[in-house]
Amino acid sequence: MNYSYSSDEDDKPLVFKRTSAADKLKHSGQLKSASSADKLKHLGQLKSASSADKLKHSGQLKSASSADKLKHSGQLKSTSIVNREKPSTSTKPKPPAKQESDTEDSEDDKPLSVRISTVPKTNSNHAKTGPVSASQRPKPQVKNEDSDDKKPLSSKFTSVGPSVKKTDDSDDDDDDKPLSARVKQNGSTSRDNNNNQLNKIPNIGLNKRPPNEERLAGQSSVKKPKLSDSEDENDHVPISQRMKKQTPSGSKPSSSVKQKVVKVNSSSFKKTFKKSNKFEKKSKYSKSSKVPPGSGEGQKWTTLVHNGVIFPPPYKPHGIKILYKGKPVDLTPAQEEVATMFAVMLDTDYMTKPVFKENFWNDWRKILGRNHTIQNLEDCDFKPIYDWHQREKEKKKQMSTEEKKAIKEEKMKLEEKYMWAIVDGVKEKVGNFRVEPPGLFRGRGEHPKMGKLKKRIRPSDITINIGKGAPIPECPIPGESWKEVRHDNTVTWLAYWYDPINGKDFKYVFLAASSALKGQSDKEKYEKARSLKKYIEGIRKAYTKDFINKDVTKRQVAVATYLIDKLALRAGNEKDDDEADTVGCCTLKVENVEPKPPNILKFDFLGKDSIRYQNEVEVELPVFKAIQQFRSGKKGNDDLFDKLDTSTLNAHLKELMPGLTAKVFRTYNASITLDDMLSKGTTAGNVAENVVVYNQANKEVAIICNHQRSVSKSHTAQMMRLNEKIEELKGVLEELETDLARAKKGKPPLKGSDGKIKRNMNPEALQKKIDQTYAKIEKMERDKETKEDLKTVALGTSKINYLDPRITVAWCKRQEVPIEKIFNKSLLAKFAWSMDVDPSFRF
DNA sequence: AGCCAGACTTGTCTTTATGGTT
DNA sequence: AACCATAAAGACAAGTCTGGCT
């Protein structure tokens, strides 16, 4: 039986029901006609026409009527009981509980930390472990079921465009229509082309990030190296250490049985792409062939049609003058434009950064000219422009709903054509079709280039990539033209330009995450991570052995791999001097890792985005000793792993498993942890309880990956408000208790605190009220706790990038949790490829 | 082997939309 | 309707990793 979600309307919860394969097709977008739906039938044994019909309107996952919801009941539910320790904020992260799996690779599915039975007290926890999987690119041995995976997703779900052969033609009567009319849409907001009422109108405006009102001292838009600890009790504990310990629960994962995921592919497509499969299978150890998903020889698409990119509107001078030494100064529009970029940032923390001002001044001065009245930044007062900008913002806010709507529509009309591309006959959303507007570079952390002028991008900066034979997008700015037009079907970008700040970097325009192309590679990513499960045991054995290898390089590789596996560190590529000084595993400095005898390593460094990573971990003695050796004789700023860089490390990893690289461990760790925690923590509880379990697992993953967020400005205030409410309720409670006591004695209630006379209630009614109030208080207390708990933890990143959606979808099916309780619209669209997973899927 | 161009994923923050209250 | 808290969407910076060249 094939379980899948289906739905009838966008706003209804997706529901789980036994259904035909039609649902699988949903993500391919909106089917416009019944016949379109029919076309899809062959793809996945569509069982009922009605299911297919559901897909017609609206774009993608529609939800089933509520009646349908939860149809399949339960015997799938797991009865395991959550038995986890109270998530104390204790400092030590705990390893996920160990579970005995019924599978062969018993030990290996567990997180490393568990296996290592490390320190009881400092629980080193994080690492996870796992099994293996076949990777896609260099396809290692792939299981049969996976065979389809190599094909482009799009081929699976759609009947393709012009060049691709149609699999099923019988029902297709679209051929006579213009291509655009036949195209199917992919993407969540898909709607009919012609009438797109809905889109969001992004603010076209000049500056996308208007300054905020005053920020609290501690909190600025400039990212400072984040400390995971702040004053609160909890906060002194680095996020990475905050994992809760969990005790093993009684539940056992039902082994990592690999499910046969039902494929939707049509056989004809299989054939089409077969060769790459074969090739990959064989070349277990060959370097990953560039052969991408799906097609031969690196081909990513066959036909590609799109309309290019849209540019921000030209600068509109406002005429507000800044003051120089107290006097208004006339500026040309170009000079004013740049001054405005700065003025608008007056209330950000960038203003406290000399580097920012210095860089800004240097670039602005070039525009002012050497002999300009303005000779230094210190004597400039940008307040008038700042104030003007605030007023403009306010005005905008004050606009009536209708006005806003009108503006939005207007913008939509303008942008509509840029929002979509047609890839192999399928209409797909474009991710970022808006060219970045000029502005001041907002580098994160202590970026040496912050404040530099990011110049306006013009058509002559842009290279377009489009299918041969497709109409070349018209250049939206009259009189100008594209830099170049290419027809490269080995890449997925639609356009790019050189990053004005770092001339060697590119800014690409890609398809949106909901596209089949992205979905395909996402799936491959998870399959690769899954395949690591099968290799992990061997890999761990190997590096453990090498902790004491006489060859320093090998020892370093072993220790580095260990850290990446256990702590989910990033690889750590080399960085230039003109970038913020951050590190990853291979670039750790001596000062970033402090050995604390007998066997604790204390990590403290700035990682990606200058987010601070702090953690104390207990490690095996040989690792501890090795680290000591690597440090000896070096200065604090020297590389800890001096014999290593990411290419040597990854080259080594590739020998252990085809396609293996450092980042696969992060994916693996995250997903296996989710799978693990869900299977352990899941009870037969109701939906709300299950959602809590899920979020708890999600949080654990976020902590492992050190996904942080800054505390919201209003956090403290919000907490206070919550506290007040709780206090208030407690007051009510007391009063009720008194009244109850009196009522039992037949006395009337006392006057309320407000002096009002309450009406007489019988004890039962009072008791009921008391119970309700209690429940309310408890709920609020829980909410408060959760809020505090998550104030620095970002759950979204792992959900979007690290957690195999199939784990979530399968679990939702098993637990009868509507999938949209977990995935929002974007995620549903992005993960459309995973919706048909078998409920028994395990990572 | 090291360097670098190139392409694509990951990550945080800001802005906007949404939904619940008052 | 105004308000505000939260969630979703959008923006864009910052990583990873590959492959080709020297």
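In what follows, every chain begins at residue 1, and chains take the letters A, B, ... in the order their sequences are listed.
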Taking any heavy-atom pair under 4.0 Å as a contact, classify [X]: base, sugar-phosphate, or nothing.
X         : result
Thr797(A) : base
Tyr496(A) : nothing
Lys787(A) : sugar-phosphate
Lys454(A) : sugar-phosphate
Thr646(A) : nothing
Phe823(A) : nothing

Quick one: which of [options] gets closest to the side chain of [X]?
X         : options                  : value
Lys654(A) : dT6(C), dA13(C), dC17(C) : dC17(C)
Arg666(A) : dA13(C), dG11(B), dC8(B) : dG11(B)
Arg434(A) : dG6(B), dA11(C), dC8(B)  : dA11(C)
Glu436(A) : dA8(C), dC13(B), dA13(C) : dA13(C)
Lys507(A) : dT10(B), dC8(B), dA13(C) : dA13(C)
Trp493(A) : dC8(B), dG11(B), dT9(B)  : dC8(B)
Gln718(A) : dT12(B), dT6(C), dC17(C) : dT6(C)
Ala662(A) : dG11(B), dC17(C), dA5(B) : dC17(C)
Arg444(A) : dT9(B), dA14(C), dT10(B) : dA14(C)
Lys525(A) : dC8(B), dT10(B), dA14(C) : dT10(B)

With sequence neighbours excluded, tell me which residues meet side-chain hydrogen bond (donor to acceptor under 3.5 Å, both in side chains) with [X].
X         : value
Glu484(A) : Arg486(A)
Glu394(A) : Gln398(A)
Asp645(A) : Ser647(A), Thr648(A)

Can you pull out the residues from residues 569-583 of chain A that lie within a 4.0 Å heavy-atom distance of DNA chain C?
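The stretch gives Arg570(A), Ala571(A), Gly572(A), Asn573(A), Lys575(A), Thr582(A) as the residues lying under 4.0 Å from the strand, ordered by number.
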
Check whether any side-chain N or O of [X] sits under 4.0 Å from OP1 or OP2 of [N], and answer yes or no.
X         : N       : value
Tyr802(A) : dG11(B) : yes
Lys663(A) : dT10(B) : yes
Tyr508(A) : dC12(C) : no

Using modelled atom types only, decide if a donor and an acceptor are shared between the side chain of Thr490(A) and the backbone of Gly298(A) within a distance under 3.5 Å.
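No; judged by distance alone, with no hydrogens or angles, the pair does not exist.
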
Are any non-hydrogen side-chain atoms of Leu304(A) and Val423(A) less than 4.5 angstrom apart?
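The answer is yes, as the side chains (C-beta and beyond) meet within the 4.5 Å cut-off.
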
Would you give me the side-chain donor-acceptor pairs under 3.5 Å for residues 656-666 of chain A, sequence neighbours excluded?
from, atom 1, to, atom 2, distance (Å)
Arg666(A), NE, Tyr802(A), OH, 2.9
Arg666(A), NH1, Ala568(A), O, 2.6
Arg666(A), NH2, Cys705(A), O, 3.3

How bent is the helix from dA1(B)-dT22(C) to dT22(B)-dA1(C), comparing axes over its five end pairs at each side, to the nearest 10°?
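The angle, to the nearest 10 degrees, is 0°.
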
